[in-house]
Number of protein chains: 2
Amino acid sequence: MKQQETIKATDAELEILNILWTHGPCTVRQVHDLLAQHKDAGYTTTLKQMQVMHEKQLLSREAQGKSHLYTAIPSRHMAQGQIVQRVIDSIFNGSAMQLVMQALGNHKPSQKELDMIEEYLNQKKDDMTTSK
Amino acid sequence: MKQQETIKATDAELEILNILWTHGPCTVRQVHDLLAQHKDAGYTTTLKQMQVMHEKQLLSREAQGKSHLYTAIPSRHMAQGQIVQRVIDSIFNGSAMQLVMQALGNHKPSQKELDMIEEYLNQKKDDMTTSK
DNA sequence: ACGAATGTACGACGAATATCGTAATTGCAA
DNA sequence: TTGCAATTACGATATTCGTCGTACATTCGT
């Protein structure tokens, strides 16, 4: 059911995964052009990177015309979970709450976002009284 | 006012910083012994690492007897902020809230923790109505 | 005062990563 | 069908990171 236990990706690889997660399946050219907007690297660099990621089972690919269409294999949600956990373990001494506070503090949440959390909290509380 | 704009530390370095943050100034031996509890590496490895970190201005040091006492230069809080921001940018598409939700979802907060957040939220709301 | 123990300094090495040049391949348009 | 432009394949190189061996320095107990 799980083709992959843990995701091991470098920062550069994360960037590419993020593009794929956001834009759906892409060719190397598309990914590269997006990357090039805020980063400076040659086309073959991106190509090589994606080839390696394909070997590492981070990307699947399918021929399409003369090029390849690449797709992210790990889900964004799964990767997020793992990375968040790693951050918590490494510098938040294992406390997820501290991370939450940090993120909230940094961010100056908008009213709408505060409402979102509140709603979430209320729902959690309901869960607690209803069951368990 | 700020001796350091951005903190660039590898995972291994983060581990060491975390020890220093938690235990306060330490000698190489102390850090190494703590690391050795859940990791396997030689003493000189830790030493070298901390020397490099000293060059990189991640650690300051002070002679103490025959050894050196090392201290983390960046504050834990600052490092947390930067890392959280980087995570948000790289895989949460810039949305701090998504990270918060992910962390909350992962973690199954306790009642006490929920109260903490709620209190925090109320305070935020007060801020919003009082000032600004 | 001297030798063992404990530290530090320094350089080297392997693996992984990032980057790119160049060659081979492929699809398509004329 | 043939040539060109785009794409892929395949190393080669540079850099960084983690690791450690070994040499040098210092302290302390006796």
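Predicted, not measured: the structure shown is a model, and the values here were computed from it. Protein chains get the first letters and strands the later ones, always in sequence-line order, with residue 1 at the start of each.
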* **Set of side chain to side chain contact (heavy atoms under 4.5 Å, CB included) partners for B:Leu34, sequence neighbours left out** => B:Ile19, B:His23, B:Gln37

* **Qualifying residues under side chain to side chain contact (heavy atoms under 4.5 Å, CB included), relative to B:Ser90, sequence neighbours excluded** =>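 Side chain to side chain contact (heavy atoms under 4.5 Å, CB included) check on B:Ser90 returns nothing, list empty.
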
* Asked: How would you give the extent of chain A contacts on DNA chain C, as first and last nucleotide 5' to 3' within a 4.0 Å heavy-atom cut-off?
  ->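 The contact span of chain A on DNA chain C goes from C:dT17 to C:dG27.
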
Which value, rounded to the nearest 0.5 Å, describes the distance between [X] atom [atom1] and [Y] atom [atom2]?
X        : Y       : atom1 : atom2 : value
A:Lys8   : A:Leu58 : NZ    : CG    : 12.0 Å
B:Gln102 : B:Gln98 : CD    : CD    : 9.0 Å
B:Glu13  : B:Gln49 : CD    : CD    : 6.0 Å
A:His54  : A:Leu59 : NE2   : CG    : 8.0 Å

* May I have all residue pairs that pass salt bridge (charged side-chain N to carboxylate O under 4.0 Å, His left out) and include part of residues 27-37 of chain B, sequence neighbours excluded? => B:Arg29-B:Asp33

* Going by the salt bridge (charged side-chain N to carboxylate O under 4.0 Å, His left out) test, which pairs reach into residues 39-51 of chain B, not counting sequence neighbours? -> B:Glu15-B:Lys39

* What's the shortest heavy-atom distance between A:Ala96 and B:Ala103, and which atoms? ->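 Minimum heavy-atom contact is CB-O, 4.4 Å.
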
* **Letter per nucleotide, 5' to 3', of nucleotides 20-30 of chain D [B base touched, S only sugar-phosphate touched, - untouched; heavy atoms, 4.0 Å]** => BBB----S---

Taking [atom1] from [X] and [atom2] from [N], how many angstroms apart are they, rounded to a whole number?
X       : N      : atom1 : atom2 : answer
B:Gln49 : D:dT19 : CD    : P     : 7 Å
B:Leu58 : D:dT16 : CG    : C1'   : 15 Å
A:Met50 : D:dT8  : CE    : P     : 9 Å
B:Leu47 : D:dG18 : CG    : P     : 15 Å

* Scan B:Gln51 against the nucleic acid and name what it touches under 4.0 Å (heavy atoms): base, sugar-phosphate only, or nothing. =>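 If one applies the 4.0 Å heavy-atom cut-off, B:Gln51 turns out to touch a base.
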
* Check whether any side-chain N or O of A:Arg61 sits under 4.0 Å from OP1 or OP2 of D:dA9, and answer yes or no. =>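 Yes, A:Arg61 has a side-chain N/O under 4.0 Å of OP1/OP2 on D:dA9.
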
* Asked: By a strict heavy-atom criterion of less than 4.0 Å, which residues belonging to residues 22-31 of chain A are in contact with DNA chain D?
  ->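 Hits under 4.0 Å, by residue number: A:Val28, A:Arg29.
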
* To do: With sequence neighbours left out, write down each residue that passes ring pair (Phe, Tyr, Trp, His ring centres under 6.0 Å) with A:His32, or none if nothing qualifies.
  =>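 For A:His32 the ring pair (Phe, Tyr, Trp, His ring centres under 6.0 Å) partners, ignoring immediate neighbours, are A:Tyr43.
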
* Selection: residues 13-21 of chain A, any non-hydrogen atom under 4.0 Å of DNA chain C ->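 Contacts with DNA chain C under 4.0 Å: none.
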
Using distance only, find each side-chain donor-acceptor pair of residues 69-78 of chain B under 3.5 Å and give its atom names and separation, not counting sequence neighbours.
{"unit_1": "B:Tyr70", "atom_1": "OH", "unit_2": "B:Arg61", "atom_2": "NH1", "d": "3.0"}
{"unit_1": "B:Ser75", "atom_1": "OG", "unit_2": "B:Met78", "atom_2": "N", "d": "3.0"}
{"unit_1": "B:Arg76", "atom_1": "NH2", "unit_2": "B:Asn18", "atom_2": "OD1", "d": "2.5"}
{"unit_1": "B:Arg76", "atom_1": "NH2", "unit_2": "B:Thr22", "atom_2": "OG1", "d": "3.3"}

* **With sequence neighbours excluded, residues passing side-chain hydrogen bond (donor to acceptor under 3.5 Å, both in side chains) with A:Asp89** =>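 For A:Asp89, the residues satisfying side-chain hydrogen bond (donor to acceptor under 3.5 Å, both in side chains) (neighbours in sequence not counted) are A:Gln85.
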
* To do: Taking salt bridge (Lys or Arg N to Asp or Glu O under 4.0 Å) as the test, write out the residues that go with B:Arg86, two or more places apart.
  =>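 Salt bridge (Lys or Arg N to Asp or Glu O under 4.0 Å) list for B:Arg86, sorted by chain: empty.
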
